[in-house]
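Data block below; observations after.
First the proteins, then the strands, lettered A, B, ... as listed; each starts at 1. Not measured: the values here are computed from a predicted model.
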2 protein chains.
Amino acid sequence: MGNCSICAIRSKAVDALNPTEVEYLQGNCAEVDMKPGESIIKEGSLSSHIAYLKSGLATIHKKGVKGTDQILKILQPGCYIGMQTVLSNKIHQYSASAIEDSTICYIDITSFKDLISRNAQFANELILYLCRDELSYFARFVNVHQKQVDGRLADTILFFSDEVKKSRSFQIPLSRNDIAALICATRESVTRSIKDLSDIGSIRVKGKSFEILNYDLLKIISEKG
Amino acid sequence: MGNCSICAIRSKAVDALNPTEVEYLQGNCAEVDMKPGESIIKEGSLSSHIAYLKSGLATIHKKGVKGTDQILKILQPGCYIGMQTVLSNKIHQYSASAIEDSTICYIDITSFKDLISRNAQFANELILYLCRDELSYFARFVNVHQKQVDGRLADTILFFSDEVKKSRSFQIPLSRNDIAALICATRESVTRSIKDLSDIGSIRVKGKSFEILNYDLLKIISEKG
DNA sequence: TTAGCAATGATACATAAATCACATTTTAAA
DNA sequence: TTTAAAATGTGATTTATGTATCATTGCTAA
(Lines give C-alpha, C1' and ligand atoms only; values in the text may rest on other atoms or scores of the structure.)
Protein backbone atom coordinates (compact mmCIF):
# COMPACT_ATOMS: atom_id res chain seq x y z
CA MET A 1 0.00 0.00 0.00
CA GLY A 2 1.40 3.33 -1.06
CA ASN A 3 1.32 6.54 0.86
CA CYS A 4 -0.31 9.08 -1.41
CA SER A 5 -0.20 11.94 1.07
CA ILE A 6 3.58 12.05 0.98
CA CYS A 7 4.02 10.89 -2.62
CA ALA A 8 6.70 13.09 -4.19
CA ILE A 9 5.45 12.86 -7.75
CA ARG A 10 1.76 12.74 -7.12
CA SER A 11 -0.40 14.23 -9.84
CA LYS A 12 -1.94 17.68 -9.81
CA ALA A 13 -5.27 15.90 -9.70
CA VAL A 14 -4.41 14.26 -6.41
CA ASP A 15 -3.21 17.61 -5.12
CA ALA A 16 -6.80 18.77 -5.50
CA LEU A 17 -8.07 16.18 -3.06
CA ASN A 18 -8.70 16.95 0.59
CA PRO A 19 -7.02 14.83 3.32
CA THR A 20 -10.03 12.54 3.70
CA GLU A 21 -10.15 11.92 -0.02
CA VAL A 22 -6.42 11.26 -0.19
CA GLU A 23 -6.83 8.73 2.59
CA TYR A 24 -9.66 7.12 0.65
CA LEU A 25 -7.50 6.95 -2.47
CA GLN A 26 -4.66 5.51 -0.49
CA GLY A 27 -6.89 2.80 0.89
CA ASN A 28 -7.81 1.69 -2.62
CA CYS A 29 -4.41 1.84 -4.18
CA ALA A 30 -1.72 -0.81 -4.37
CA GLU A 31 1.93 -0.16 -5.09
CA VAL A 32 3.87 -2.68 -7.21
CA ASP A 33 7.52 -2.77 -8.25
CA MET A 34 8.28 -3.86 -11.78
CA LYS A 35 11.28 -4.99 -13.78
CA PRO A 36 11.91 -4.06 -17.43
CA GLY A 37 9.71 -6.09 -19.72
CA GLU A 38 6.99 -6.68 -17.15
CA SER A 39 3.45 -5.94 -18.24
CA ILE A 40 1.53 -3.17 -16.50
CA ILE A 41 -1.73 -3.53 -18.37
CA LYS A 42 -2.59 -5.81 -21.24
CA GLU A 43 -4.61 -4.98 -24.35
CA GLY A 44 -7.73 -7.08 -24.53
CA SER A 45 -7.95 -7.76 -20.82
CA LEU A 46 -10.74 -6.54 -18.57
CA SER A 47 -9.89 -3.25 -16.99
CA SER A 48 -10.36 -3.08 -13.25
CA HIS A 49 -7.66 -0.63 -12.24
CA ILE A 50 -6.03 2.53 -13.43
CA ALA A 51 -2.26 2.48 -13.14
CA TYR A 52 -0.10 5.43 -12.19
CA LEU A 53 3.58 5.45 -13.02
CA LYS A 54 5.24 6.57 -9.80
CA SER A 55 8.82 6.00 -10.90
CA GLY A 56 10.70 4.42 -13.76
CA LEU A 57 9.92 4.33 -17.47
CA ALA A 58 7.28 2.51 -19.47
CA THR A 59 5.74 2.24 -22.91
CA ILE A 60 2.21 2.21 -24.23
CA HIS A 61 1.87 -0.17 -27.15
CA LYS A 62 -0.94 -1.43 -29.31
CA LYS A 63 -1.34 -4.31 -31.71
CA GLY A 64 -1.74 -3.44 -35.38
CA VAL A 65 -3.13 -5.32 -38.37
CA LYS A 66 0.27 -6.82 -39.11
CA GLY A 67 0.21 -8.47 -35.70
CA THR A 68 3.18 -6.52 -34.37
CA ASP A 69 2.90 -3.91 -31.68
CA GLN A 70 3.38 -0.24 -32.33
CA ILE A 71 4.72 1.86 -29.47
CA LEU A 72 2.42 4.82 -28.99
CA LYS A 73 4.33 6.63 -26.29
CA ILE A 74 7.14 6.56 -23.78
CA LEU A 75 5.70 7.16 -20.32
CA GLN A 76 7.52 9.04 -17.61
CA PRO A 77 6.69 9.25 -13.91
CA GLY A 78 3.43 11.06 -13.32
CA CYS A 79 1.53 9.35 -16.14
CA TYR A 80 -1.80 7.62 -15.77
CA ILE A 81 -2.02 4.32 -17.60
CA GLY A 82 -5.24 2.84 -18.88
CA MET A 83 -7.38 5.77 -17.81
CA GLN A 84 -8.95 6.23 -21.26
CA THR A 85 -10.03 2.62 -21.27
CA VAL A 86 -11.08 2.25 -17.69
CA LEU A 87 -13.38 5.25 -17.85
CA SER A 88 -14.95 4.68 -21.26
CA ASN A 89 -14.49 1.03 -22.11
CA LYS A 90 -14.49 -2.33 -20.33
CA ILE A 91 -11.60 -3.81 -22.26
CA HIS A 92 -8.11 -2.34 -22.35
CA GLN A 93 -7.45 -0.95 -25.82
CA TYR A 94 -3.69 -0.85 -25.39
CA SER A 95 -0.90 -2.47 -23.40
CA ALA A 96 1.70 -0.90 -21.19
CA SER A 97 5.04 -2.35 -20.13
CA ALA A 98 7.87 -1.23 -17.91
CA ILE A 99 11.16 -0.63 -19.73
CA GLU A 100 13.13 0.29 -16.62
CA ASP A 101 12.73 -0.58 -12.95
CA SER A 102 9.42 1.06 -12.16
CA THR A 103 6.91 1.52 -9.41
CA ILE A 104 3.26 1.36 -10.33
CA CYS A 105 0.25 2.36 -8.23
CA TYR A 106 -2.85 0.43 -9.17
CA ILE A 107 -5.97 2.37 -8.29
CA ASP A 108 -9.32 0.69 -8.07
CA ILE A 109 -11.71 1.99 -10.78
CA THR A 110 -14.68 2.46 -8.52
CA SER A 111 -12.81 4.58 -6.06
CA PHE A 112 -11.32 6.60 -8.87
CA LYS A 113 -14.73 7.23 -10.40
CA ASP A 114 -16.02 8.12 -6.95
CA LEU A 115 -13.42 10.81 -6.58
CA ILE A 116 -14.27 12.24 -10.00
CA SER A 117 -17.90 12.75 -9.05
CA ARG A 118 -17.12 13.93 -5.54
CA ASN A 119 -14.43 16.46 -6.31
CA ALA A 120 -14.86 18.81 -9.26
CA GLN A 121 -11.31 20.09 -9.01
CA PHE A 122 -9.99 16.54 -9.24
CA ALA A 123 -12.14 15.99 -12.34
CA ASN A 124 -10.93 19.26 -13.76
CA GLU A 125 -7.29 18.31 -13.39
CA LEU A 126 -7.95 14.99 -15.10
CA ILE A 127 -9.59 16.85 -17.97
CA LEU A 128 -6.48 18.99 -18.30
CA TYR A 129 -4.32 15.89 -18.21
CA LEU A 130 -6.35 14.23 -20.96
CA CYS A 131 -6.32 17.37 -23.11
CA ARG A 132 -2.55 17.72 -22.94
CA ASP A 133 -2.08 14.06 -23.58
CA GLU A 134 -4.26 14.12 -26.67
CA LEU A 135 -2.52 17.20 -28.05
CA SER A 136 0.81 15.42 -27.74
CA TYR A 137 -0.53 12.63 -29.92
CA PHE A 138 -1.69 15.12 -32.52
CA ALA A 139 1.81 16.51 -32.80
CA ARG A 140 3.27 13.03 -32.95
CA PHE A 141 0.81 11.89 -35.57
CA VAL A 142 1.62 14.72 -37.92
CA ASN A 143 5.36 14.51 -37.34
CA VAL A 144 5.67 10.82 -37.95
CA HIS A 145 4.08 11.12 -41.36
CA GLN A 146 6.00 14.03 -42.63
CA LYS A 147 9.46 12.95 -41.60
CA GLN A 148 11.57 10.10 -42.81
CA VAL A 149 13.34 7.58 -40.68
CA ASP A 150 16.46 9.68 -39.98
CA GLY A 151 14.31 12.56 -38.77
CA ARG A 152 12.15 10.36 -36.60
CA LEU A 153 15.18 8.69 -35.07
CA ALA A 154 16.71 12.09 -34.40
CA ASP A 155 13.45 13.07 -32.70
CA THR A 156 13.62 10.05 -30.47
CA ILE A 157 17.25 10.58 -29.52
CA LEU A 158 16.55 14.24 -28.73
CA PHE A 159 13.48 13.26 -26.73
CA PHE A 160 15.47 10.88 -24.54
CA SER A 161 18.24 13.40 -24.14
CA ASP A 162 16.11 16.49 -23.46
CA GLU A 163 13.01 15.14 -21.78
CA VAL A 164 13.93 11.86 -20.18
CA LYS A 165 17.60 11.59 -19.31
CA LYS A 166 18.48 15.30 -19.33
CA SER A 167 21.98 14.52 -20.53
CA ARG A 168 23.98 14.33 -23.75
CA SER A 169 25.13 10.84 -22.88
CA PHE A 170 22.56 8.27 -21.87
CA GLN A 171 21.08 4.82 -22.33
CA ILE A 172 17.95 4.20 -24.38
CA PRO A 173 16.34 1.20 -22.70
CA LEU A 174 14.88 -0.14 -25.95
CA SER A 175 16.03 -2.82 -28.37
CA ARG A 176 16.47 -1.90 -32.04
CA ASN A 177 13.14 -3.59 -32.64
CA ASP A 178 11.50 -1.46 -29.95
CA ILE A 179 12.92 1.73 -31.46
CA ALA A 180 11.52 0.60 -34.80
CA ALA A 181 8.10 0.05 -33.24
CA LEU A 182 8.32 3.51 -31.74
CA ILE A 183 9.31 5.42 -34.86
CA CYS A 184 7.25 3.30 -37.26
CA ALA A 185 10.06 1.64 -39.13
CA THR A 186 11.82 -1.71 -39.32
CA ARG A 187 14.76 -2.91 -37.25
CA GLU A 188 16.99 -2.79 -40.35
CA SER A 189 16.06 0.81 -41.10
CA VAL A 190 16.82 1.78 -37.53
CA THR A 191 20.25 0.18 -37.78
CA ARG A 192 20.91 2.01 -41.04
CA SER A 193 19.66 5.27 -39.67
CA ILE A 194 21.82 4.98 -36.56
CA LYS A 195 24.75 4.41 -38.89
CA ASP A 196 23.73 7.46 -40.96
CA LEU A 197 23.56 9.73 -37.94
CA SER A 198 26.85 8.33 -36.67
CA ASP A 199 28.59 8.76 -40.04
CA ILE A 200 27.80 12.46 -40.14
CA GLY A 201 29.15 12.79 -36.63
CA SER A 202 25.95 13.81 -34.90
CA ILE A 203 25.90 10.88 -32.48
CA ARG A 204 28.06 8.08 -31.12
CA VAL A 205 26.32 4.81 -30.38
CA LYS A 206 27.45 1.64 -28.69
CA GLY A 207 24.67 -0.83 -28.07
CA LYS A 208 22.05 0.97 -26.04
CA SER A 209 24.42 3.80 -25.10
CA PHE A 210 23.87 6.99 -27.05
CA GLU A 211 25.93 10.13 -27.00
CA ILE A 212 25.04 13.33 -28.81
CA LEU A 213 28.16 14.81 -30.42
CA ASN A 214 26.55 17.55 -32.48
CA TYR A 215 23.28 18.64 -30.96
CA ASP A 216 22.53 21.33 -33.55
CA LEU A 217 23.08 18.98 -36.45
CA LEU A 218 20.77 16.44 -34.87
CA LYS A 219 18.20 19.16 -34.35
CA ILE A 220 18.38 20.16 -38.01
CA ILE A 221 17.79 16.57 -39.10
CA SER A 222 14.92 16.31 -36.67
CA GLU A 223 13.33 19.47 -38.02
CA LYS A 224 14.01 18.98 -41.70
CA GLY A 225 12.62 15.45 -41.45
CA MET B 1 -28.12 32.53 -30.12
CA GLY B 2 -28.89 28.82 -30.05
CA ASN B 3 -31.44 27.10 -27.91
CA CYS B 4 -29.57 24.41 -26.02
CA SER B 5 -32.56 23.15 -24.08
CA ILE B 6 -34.23 21.86 -27.20
CA CYS B 7 -31.06 21.03 -29.16
CA ALA B 8 -31.62 17.67 -30.84
CA ILE B 9 -28.01 16.57 -30.91
CA ARG B 10 -26.83 18.11 -27.68
CA SER B 11 -24.02 16.24 -25.97
CA LYS B 12 -24.39 13.83 -23.07
CA ALA B 13 -22.45 16.37 -21.08
CA VAL B 14 -25.09 19.01 -21.60
CA ASP B 15 -27.74 16.45 -20.70
CA ALA B 16 -26.14 16.36 -17.27
CA LEU B 17 -26.82 20.05 -16.69
CA ASN B 18 -29.86 21.29 -14.78
CA PRO B 19 -32.24 23.82 -16.40
CA THR B 20 -30.52 26.80 -14.82
CA GLU B 21 -27.16 25.63 -16.04
CA VAL B 22 -28.50 24.99 -19.54
CA GLU B 23 -29.87 28.50 -19.58
CA TYR B 24 -26.48 29.80 -18.48
CA LEU B 25 -24.78 27.84 -21.26
CA GLN B 26 -27.29 29.14 -23.76
CA GLY B 27 -26.64 32.68 -22.75
CA ASN B 28 -22.93 32.26 -23.49
CA CYS B 29 -23.22 30.40 -26.70
CA ALA B 30 -23.46 31.71 -30.26
CA GLU B 31 -24.69 29.73 -33.23
CA VAL B 32 -23.02 30.25 -36.61
CA ASP B 33 -23.77 28.76 -40.02
CA MET B 34 -20.82 27.80 -42.18
CA LYS B 35 -20.15 26.92 -45.79
CA PRO B 36 -17.67 24.26 -46.95
CA GLY B 37 -14.13 25.56 -46.69
CA GLU B 38 -14.87 28.05 -43.93
CA SER B 39 -12.57 27.99 -40.94
CA ILE B 40 -14.02 27.06 -37.54
CA ILE B 41 -10.86 27.47 -35.51
CA LYS B 42 -7.37 28.29 -36.66
CA GLU B 43 -4.09 26.77 -35.50
CA GLY B 44 -1.89 29.38 -33.87
CA SER B 45 -4.70 31.72 -32.94
CA LEU B 46 -5.70 32.59 -29.39
CA SER B 47 -8.42 30.33 -28.12
CA SER B 48 -11.39 32.07 -26.56
CA HIS B 49 -14.21 29.71 -27.42
CA ILE B 50 -14.92 26.03 -27.66
CA ALA B 51 -16.84 25.05 -30.79
CA TYR B 52 -19.50 22.39 -30.95
CA LEU B 53 -20.50 20.87 -34.28
CA LYS B 54 -24.28 20.94 -34.23
CA SER B 55 -24.80 19.84 -37.81
CA GLY B 56 -22.77 19.25 -40.94
CA LEU B 57 -19.30 17.84 -41.37
CA ALA B 58 -15.84 19.22 -40.58
CA THR B 59 -12.19 18.31 -40.40
CA ILE B 60 -9.46 18.79 -37.84
CA HIS B 61 -6.14 19.50 -39.49
CA LYS B 62 -2.68 20.41 -38.34
CA LYS B 63 0.41 21.80 -40.00
CA GLY B 64 3.39 19.48 -40.35
CA VAL B 65 7.11 20.09 -40.87
CA LYS B 66 6.63 19.95 -44.64
CA GLY B 67 4.31 22.91 -44.39
CA THR B 68 1.26 21.02 -45.60
CA ASP B 69 -1.66 20.19 -43.38
CA GLN B 70 -2.45 16.70 -42.27
CA ILE B 71 -6.10 15.88 -41.62
CA LEU B 72 -6.37 14.34 -38.17
CA LYS B 73 -10.04 13.51 -38.14
CA ILE B 74 -13.40 13.90 -39.83
CA LEU B 75 -15.83 15.44 -37.34
CA GLN B 76 -19.51 14.59 -37.23
CA PRO B 77 -22.30 16.38 -35.38
CA GLY B 78 -21.86 16.11 -31.63
CA CYS B 79 -18.12 16.79 -31.64
CA TYR B 80 -16.39 19.42 -29.55
CA ILE B 81 -13.76 21.38 -31.41
CA GLY B 82 -10.79 22.98 -29.75
CA MET B 83 -11.60 21.69 -26.30
CA GLN B 84 -8.14 20.17 -25.78
CA THR B 85 -6.54 23.50 -26.54
CA VAL B 86 -8.96 25.79 -24.80
CA LEU B 87 -8.69 23.92 -21.54
CA SER B 88 -4.96 23.27 -21.45
CA ASN B 89 -3.34 25.78 -23.77
CA LYS B 90 -3.80 29.39 -24.80
CA ILE B 91 -3.06 28.86 -28.48
CA HIS B 92 -5.01 26.54 -30.74
CA GLN B 93 -2.83 23.57 -31.63
CA TYR B 94 -4.90 22.59 -34.64
CA SER B 95 -7.33 24.02 -37.17
CA ALA B 96 -10.85 22.95 -37.99
CA SER B 97 -12.81 23.65 -41.16
CA ALA B 98 -16.29 22.89 -42.38
CA ILE B 99 -16.44 20.56 -45.37
CA GLU B 100 -20.22 20.65 -45.71
CA ASP B 101 -22.83 23.20 -44.73
CA SER B 102 -22.51 23.18 -40.96
CA THR B 103 -23.83 24.83 -37.85
CA ILE B 104 -21.35 25.62 -35.12
CA CYS B 105 -22.05 26.66 -31.55
CA TYR B 106 -19.28 28.78 -30.10
CA ILE B 107 -19.19 28.50 -26.33
CA ASP B 108 -17.36 31.02 -24.22
CA ILE B 109 -14.41 29.40 -22.40
CA THR B 110 -15.09 30.94 -19.04
CA SER B 111 -18.67 29.75 -18.94
CA PHE B 112 -17.58 26.32 -20.06
CA LYS B 113 -14.96 26.11 -17.33
CA ASP B 114 -17.54 27.35 -14.86
CA LEU B 115 -19.85 24.52 -15.69
CA ILE B 116 -17.02 22.00 -15.30
CA SER B 117 -16.33 23.10 -11.76
CA ARG B 118 -20.01 23.50 -10.85
CA ASN B 119 -21.35 20.22 -12.15
CA ALA B 120 -19.39 17.04 -11.53
CA GLN B 121 -21.57 15.01 -13.85
CA PHE B 122 -20.89 17.47 -16.67
CA ALA B 123 -17.17 17.15 -16.01
CA ASN B 124 -17.49 13.40 -15.91
CA GLU B 125 -19.15 13.25 -19.32
CA LEU B 126 -16.43 15.43 -20.77
CA ILE B 127 -13.85 13.05 -19.36
CA LEU B 128 -15.62 10.16 -21.08
CA TYR B 129 -15.73 12.14 -24.29
CA LEU B 130 -12.01 12.87 -24.14
CA CYS B 131 -11.17 9.25 -23.34
CA ARG B 132 -13.12 7.89 -26.29
CA ASP B 133 -11.68 10.50 -28.57
CA GLU B 134 -8.14 9.68 -27.59
CA LEU B 135 -8.69 5.95 -28.01
CA SER B 136 -9.90 6.57 -31.55
CA TYR B 137 -6.63 8.30 -32.34
CA PHE B 138 -4.67 5.37 -30.94
CA ALA B 139 -6.44 3.03 -33.31
CA ARG B 140 -5.92 5.38 -36.20
CA PHE B 141 -2.26 5.89 -35.42
CA VAL B 142 -1.51 2.19 -35.43
CA ASN B 143 -3.62 1.48 -38.49
CA VAL B 144 -2.14 4.15 -40.66
CA HIS B 145 1.35 2.83 -40.17
CA GLN B 146 0.67 -0.78 -40.77
CA LYS B 147 -1.45 -0.44 -43.90
CA GLN B 148 -0.54 0.69 -47.34
CA VAL B 149 -2.39 3.26 -49.39
CA ASP B 150 -5.02 0.90 -50.81
CA GLY B 151 -5.92 -0.29 -47.32
CA ARG B 152 -6.07 3.22 -45.93
CA LEU B 153 -8.24 4.41 -48.78
CA ALA B 154 -10.55 1.44 -48.29
CA ASP B 155 -10.76 2.40 -44.61
CA THR B 156 -11.79 5.90 -45.53
CA ILE B 157 -14.43 4.81 -48.03
CA LEU B 158 -15.87 2.35 -45.51
CA PHE B 159 -15.85 5.04 -42.83
CA PHE B 160 -17.87 7.43 -44.98
CA SER B 161 -20.24 4.68 -46.00
CA ASP B 162 -20.77 3.08 -42.59
CA GLU B 163 -20.36 5.91 -40.13
CA VAL B 164 -21.12 9.12 -41.98
CA LYS B 165 -23.44 8.63 -44.94
CA LYS B 166 -24.96 5.28 -43.93
CA SER B 167 -25.32 4.30 -47.57
CA ARG B 168 -23.47 2.35 -50.25
CA SER B 169 -23.64 5.31 -52.60
CA PHE B 170 -22.54 8.70 -51.37
CA GLN B 171 -20.43 11.80 -51.87
CA ILE B 172 -17.08 12.29 -50.14
CA PRO B 173 -16.85 16.06 -49.71
CA LEU B 174 -13.07 16.11 -50.03
CA SER B 175 -10.73 16.84 -52.93
CA ARG B 176 -8.15 14.25 -53.91
CA ASN B 177 -5.62 16.39 -52.11
CA ASP B 178 -7.76 16.35 -48.97
CA ILE B 179 -8.11 12.58 -49.11
CA ALA B 180 -4.35 12.40 -49.44
CA ALA B 181 -3.93 14.61 -46.36
CA LEU B 182 -6.33 12.34 -44.50
CA ILE B 183 -4.74 9.01 -45.35
CA CYS B 184 -1.16 10.28 -45.31
CA ALA B 185 -0.35 9.93 -48.98
CA THR B 186 0.03 12.11 -52.07
CA ARG B 187 -2.70 13.19 -54.47
CA GLU B 188 -1.22 10.98 -57.19
CA SER B 189 -1.20 7.92 -54.96
CA VAL B 190 -4.83 8.53 -54.07
CA THR B 191 -5.77 8.72 -57.75
CA ARG B 192 -3.92 5.50 -58.48
CA SER B 193 -5.39 3.77 -55.48
CA ILE B 194 -8.91 4.77 -56.49
CA LYS B 195 -8.13 3.25 -59.86
CA ASP B 196 -6.86 0.06 -58.19
CA LEU B 197 -10.00 -0.35 -56.13
CA SER B 198 -12.14 0.40 -59.16
CA ASP B 199 -10.27 -2.07 -61.38
CA ILE B 200 -10.94 -4.94 -59.02
CA GLY B 201 -14.58 -3.98 -58.99
CA SER B 202 -14.87 -3.04 -55.33
CA ILE B 203 -15.99 0.54 -55.97
CA ARG B 204 -17.25 2.84 -58.72
CA VAL B 205 -16.09 6.44 -58.57
CA LYS B 206 -17.05 9.52 -60.51
CA GLY B 207 -15.55 12.72 -59.16
CA LYS B 208 -16.58 12.95 -55.53
CA SER B 209 -19.33 10.32 -55.92
CA PHE B 210 -18.43 6.94 -54.54
CA GLU B 211 -20.38 3.72 -54.76
CA ILE B 212 -19.41 0.50 -53.06
CA LEU B 213 -19.94 -2.43 -55.43
CA ASN B 214 -18.31 -5.17 -53.38
CA TYR B 215 -18.39 -4.39 -49.69
CA ASP B 216 -16.72 -7.61 -48.56
CA LEU B 217 -13.83 -7.18 -50.96
CA LEU B 218 -13.32 -3.63 -49.76
CA LYS B 219 -13.41 -4.87 -46.19
CA ILE B 220 -10.75 -7.45 -46.94
CA ILE B 221 -8.46 -4.81 -48.43
CA SER B 222 -9.11 -2.59 -45.44
CA GLU B 223 -8.21 -5.35 -43.03
CA LYS B 224 -5.29 -6.85 -44.89
CA GLY B 225 -3.74 -3.44 -45.30
C1' DT C 1 33.85 -22.36 -19.98
C1' DT C 2 30.94 -23.57 -23.61
C1' DA C 3 26.62 -24.24 -25.95
C1' DG C 4 22.73 -22.18 -27.61
C1' DC C 5 19.80 -18.45 -28.56
C1' DA C 6 18.43 -13.78 -29.21
C1' DA C 7 19.83 -9.36 -30.75
C1' DT C 8 22.27 -6.78 -33.99
C1' DG C 9 24.87 -5.50 -38.20
C1' DA C 10 25.59 -5.74 -42.99
C1' DT C 11 24.50 -6.53 -47.76
C1' DA C 12 21.84 -7.35 -51.99
C1' DC C 13 17.46 -6.97 -53.86
C1' DA C 14 12.46 -5.80 -54.38
C1' DT C 15 8.84 -2.57 -54.17
C1' DA C 16 5.49 0.87 -52.58
C1' DA C 17 4.99 5.24 -53.02
C1' DA C 18 7.00 9.85 -53.81
C1' DT C 19 8.40 13.05 -57.30
C1' DC C 20 8.31 15.10 -61.74
C1' DA C 21 6.27 16.53 -65.89
C1' DC C 22 2.52 17.06 -68.73
C1' DA C 23 -2.26 16.10 -70.55
C1' DT C 24 -7.02 16.48 -69.59
C1' DT C 25 -11.06 17.61 -67.25
C1' DT C 26 -13.82 20.39 -64.27
C1' DT C 27 -14.97 24.59 -62.15
C1' DA C 28 -15.21 29.45 -61.73
C1' DA C 29 -15.04 33.84 -63.72
C1' DA C 30 -15.36 37.34 -67.11
C1' DT D 1 -19.88 31.42 -74.41
C1' DT D 2 -15.09 32.01 -73.85
C1' DT D 3 -11.21 32.15 -70.95
C1' DA D 4 -8.58 31.39 -67.09
C1' DA D 5 -7.54 28.74 -63.17
C1' DA D 6 -7.83 24.89 -60.41
C1' DA D 7 -8.30 20.03 -59.85
C1' DT D 8 -7.47 15.59 -61.53
C1' DG D 9 -5.46 11.81 -64.26
C1' DT D 10 -1.38 9.44 -66.26
C1' DG D 11 3.10 7.78 -67.33
C1' DA D 12 8.16 7.78 -66.48
C1' DT D 13 11.57 7.92 -63.04
C1' DT D 14 13.63 7.96 -58.54
C1' DT D 15 14.06 6.90 -53.87
C1' DA D 16 13.34 5.54 -49.29
C1' DT D 17 12.39 1.77 -46.99
C1' DG D 18 10.93 -2.97 -46.55
C1' DT D 19 12.33 -7.89 -47.31
C1' DA D 20 15.50 -11.58 -47.33
C1' DT D 21 19.67 -13.64 -46.01
C1' DC D 22 23.63 -14.45 -43.53
C1' DA D 23 27.45 -13.18 -40.48
C1' DT D 24 28.62 -11.49 -36.00
C1' DT D 25 28.13 -10.26 -31.42
C1' DG D 26 26.56 -10.63 -26.89
C1' DC D 27 24.04 -12.67 -23.39
C1' DT D 28 22.05 -16.54 -20.53
C1' DA D 29 22.28 -20.68 -18.44
C1' DA D 30 23.87 -25.10 -17.71
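A nucleotide of DNA chain D counts as in contact with chain A when one of its atoms lies under 4.0 Å from a heavy atom; the first and last such, 5' to 3', are D/dA16 to D/dA20.
Take B/H145 and apply the ring-ring contact (aromatic ring centres under 6.0 Å, His included) test, not counting sequence neighbours, and it matches A/H145, B/F141. In this view, A/C131 and A/I127, B/Q84, B/L87, B/S88, B/L130 satisfy the side chain to side chain contact (heavy atoms under 4.5 Å, CB included) rule, not counting sequence neighbours. For B/R192, the side chain to side chain donor-acceptor pair (under 3.5 Å) test picks out no residue, with sequence neighbours left out. Qualifying side chain to side chain donor-acceptor pair (under 3.5 Å) partners for B/D196, counting only residues two or more places apart in sequence or in other chains: none. For A/E223, the side chain to side chain donor-acceptor pair (under 3.5 Å) criterion is met by no residue, not counting sequence neighbours. With sequence neighbours left out, B/D150 forms a side chain to side chain donor-acceptor pair (under 3.5 Å) with B/S193. The ring-ring contact (aromatic ring centres under 6.0 Å, His included) test applied to B/Y129 returns B/Y80, not counting sequence neighbours.
An angle of 50°, rounded to 10°, separates the two end axes of the helix from C/dT1-D/dA30 to C/dA30-D/dT1, each defined over five pairs.
In this structure, the NZ atom of B/K66 is 11 Å from the C1' atom of C/dA17, given to the nearest Å. The NZ atom of A/K208 sits 14 Å away from the C1' atom of C/dG9 (whole-angstrom rounding). Between A/K147 atom NZ and C/dA18 atom P there is a gap of 18 Å when expressed in whole angstrom units. Atom-to-atom, NE2 of B/H145 to C1' of C/dA16 comes out at 15 Å; the value is rounded to the nearest Å.
Of the options B/K66, B/Q70, B/K63, a side chain to side chain donor-acceptor pair (under 3.5 Å) to A/Q146 is made by B/Q70 and by none of the others.
For the segment residues 179-198 of chain B, residues with any heavy atom less than 4.0 angstrom from an atom of DNA chain D are, sorted by number, B/R187, B/E188, B/T191, B/R192, B/K195.
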Using a 3.5 Å cut-off and no angle test, enumerate the donor-acceptor pairs between side-chain atoms of residues 101-108 of chain B and protein atoms at least two apart in sequence or in another chain.
residue : atom : partner : partner atom : Å
B/S102  : OG   : B/L57   : N            : 3.1
B/S102  : OG   : B/L57   : O            : 3.3
B/S102  : OG   : B/E100  : O            : 2.8
B/T103  : OG1  : B/D33   : OD1          : 3.0
B/T103  : OG1  : B/S55   : OG           : 3.1
B/Y106  : OH   : B/I40   : O            : 2.7
B/D108  : OD2  : B/T110  : N            : 3.3
B/D108  : OD2  : B/T110  : OG1          : 3.4
B/D108  : OD2  : B/S111  : N            : 3.2
B/D108  : OD2  : B/S111  : OG           : 2.8

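Legend: salt bridge (Lys or Arg N to Asp or Glu O under 4.0 Å) pairs involving residues 130-145 of chain A, not counting sequence neighbours, sorted by first then second residue: A/K73-A/D133.
A side-chain N or O of B/D155 and one of B/S222 form a donor-acceptor pair less than 3.5 Å apart.
Annotation: of the two residues near DNA chain D, A/V149 and B/V205, the 5′-most nearest-nucleotide partner is B/V205.
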